[in-house]
Structure formats: C-alpha cells, structure tokens
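Heavy atoms only: backbone and side chains are in, while hydrogens, waters and symmetry mates are out. One-based numbering along the sequence shown.
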Amino acid sequence: MRKSCVIGCLSFLLFFCACGEDRRVEDVVAAQAREYYDCLLRGDYESFLEGVSEVDSMPADYREQLLTNVSHFMGQQKKEHKHIERVEALKAVVDTATHQATAFLLLCFGDSVREEVAVPLIECRDGRWRMR
C-alpha cells in the first residue's frame, strides 16, 4: 500500500512539473514579446529591432529602413492615440515541435483605446525567442 502511494505521489509530481514547464515557456515567450514592445515605448528602436529574427544578416540599408519605419509608426501612434502608454502581456501559445509561438499583447493608448495584437515569434538557435 505504501509503495503504491509513493508511486502515485511521484507520478503526480512528475505530471505537475511537466505542466509547469509548459507554462513557463509560455510565460517566457509572452514576457520576451512584451520586452520588445517596451523598447518601443522607451524609444529604443535599436533594441526593438534586435528582437527580430535574422536581424544580424540584414543588409545595413534595409536595417535603416526598418528603423525609419518603426520611428514613423511610433509617431503615427502618438498623433492618432496620444502615444502608447503601456503594454501588457496577455498570453502566449507555443508550438515546441516547430519552435514557433504567438504572443498576445494589449497596447494601451493615451486616448484610452486598447488594442490586442498578435506577435509571431520563433525560437532561435541561441534559445532566445525573436519576432518573425
């Protein structure tokens, strides 16, 4: 009886830890996506761009165009919505088999508008999640 109880407890513990591991990956992905968007709020467009997959292999002129686009996007948000006040991570859906994920963020604007955005991410060779 005691042996089956120990085995049952160990099985439950293993199941609980396995579920916790999946949840942890989702939390990491959501937090990483939020951090990239927090860089936008701080005006740190270079750090935001570092969160894009394959950024290291981009030609310099294309990278400059992306930085310009990000700057224009933030200017447009300021004009239309009085800027983005904060970003909240809602959840993430992770496919560990394909190393892909989608993080769902809530953008809270200065004019009280709130918008949910889906941010596709991919797990890179270095183990970091980057935006696609």
Enter the distance from [X]:[atom1] to [Y]:[atom2] here, rounded to the nearest 0.5 Å.
| X | Y | atom1 | atom2 | result |
| --- | --- | --- | --- | --- |
| Ser53 | Arg128 | OG | CZ | 11.0 Å |
| Asp38 | Phe48 | CG | CZ | 11.5 Å |
| Glu85 | Arg114 | CD | CZ | 10.5 Å |
| Leu49 | Tyr36 | CG | OH | 11.0 Å |

Does one hydrophobic cluster hold both Val70 and Leu121, with members joined at side-chain heavy-atom distances below 4.5 Å? yes
Run the side-chain contact (heavy atoms from CB on, under 4.5 Å) test on Glu26 and Val93 for me, step by step, so that the C-alpha distance in whole Å, both residues' side-chain angles and the decisive distance to 0.1 Å come before the verdict. CA-CA 6 Å; Glu26 293 171 356; Val93 178; over 6 Å; no
Where do Ala30 and Ala89 come nearest, in terms of heavy atoms and distance? O-CB, 3.8 Å
Within the supplied structure, the quantity of interest is the number of heavy atoms (other residues, nucleotides, ligands) at a distance under 6.0 Å from Glu54 CD; does it exceed 12? no
Output, in order, the C-alpha distance, side-chain angles, deciding distance and verdict of side-chain contact (heavy atoms from CB on, under 4.5 Å) for Cys108 and Leu106. CA-CA 6 Å; Cys108 303; Leu106 185 66; 4.1 Å; yes
Does the Ser71 side chain pair with the main chain of Leu67, one donor and one acceptor, at a distance under 3.5 Å? no
Report yes if some heavy atom in the side chain of [X] is under 4.5 Å from a heavy atom in the side chain of [Y]; otherwise report no.
| X | Y | result |
| --- | --- | --- |
| Val52 | Met58 | yes |
| Val94 | Trp129 | yes |
| Ile84 | Met74 | yes |
| Leu105 | Arg34 | yes |
| Leu40 | Tyr45 | yes |
| Tyr37 | Val119 | yes |

Any salt bridge linking [X] with [Y]? Criterion: basic side-chain nitrogen under 4.0 Å from a carboxylate oxygen.
| X | Y | result |
| --- | --- | --- |
| Glu35 | Arg42 | yes |
| Glu123 | Arg130 | no |
| Glu50 | Arg63 | yes |

Going through the distances and angles, do Val87 and Leu41 end up as a side-chain contact (heavy atoms from CB on, under 4.5 Å)? CA-CA 9 Å; Val87 177; Leu41 299 185; 3.8 Å; yes
Could you give me the CA-CA distance, side-chain angles and deciding distance for Phe109 and Glu80, then say whether side-chain contact (heavy atoms from CB on, under 4.5 Å) is met? CA-CA 9 Å; Phe109 296 92; Glu80 292 179 8; over 6 Å; no
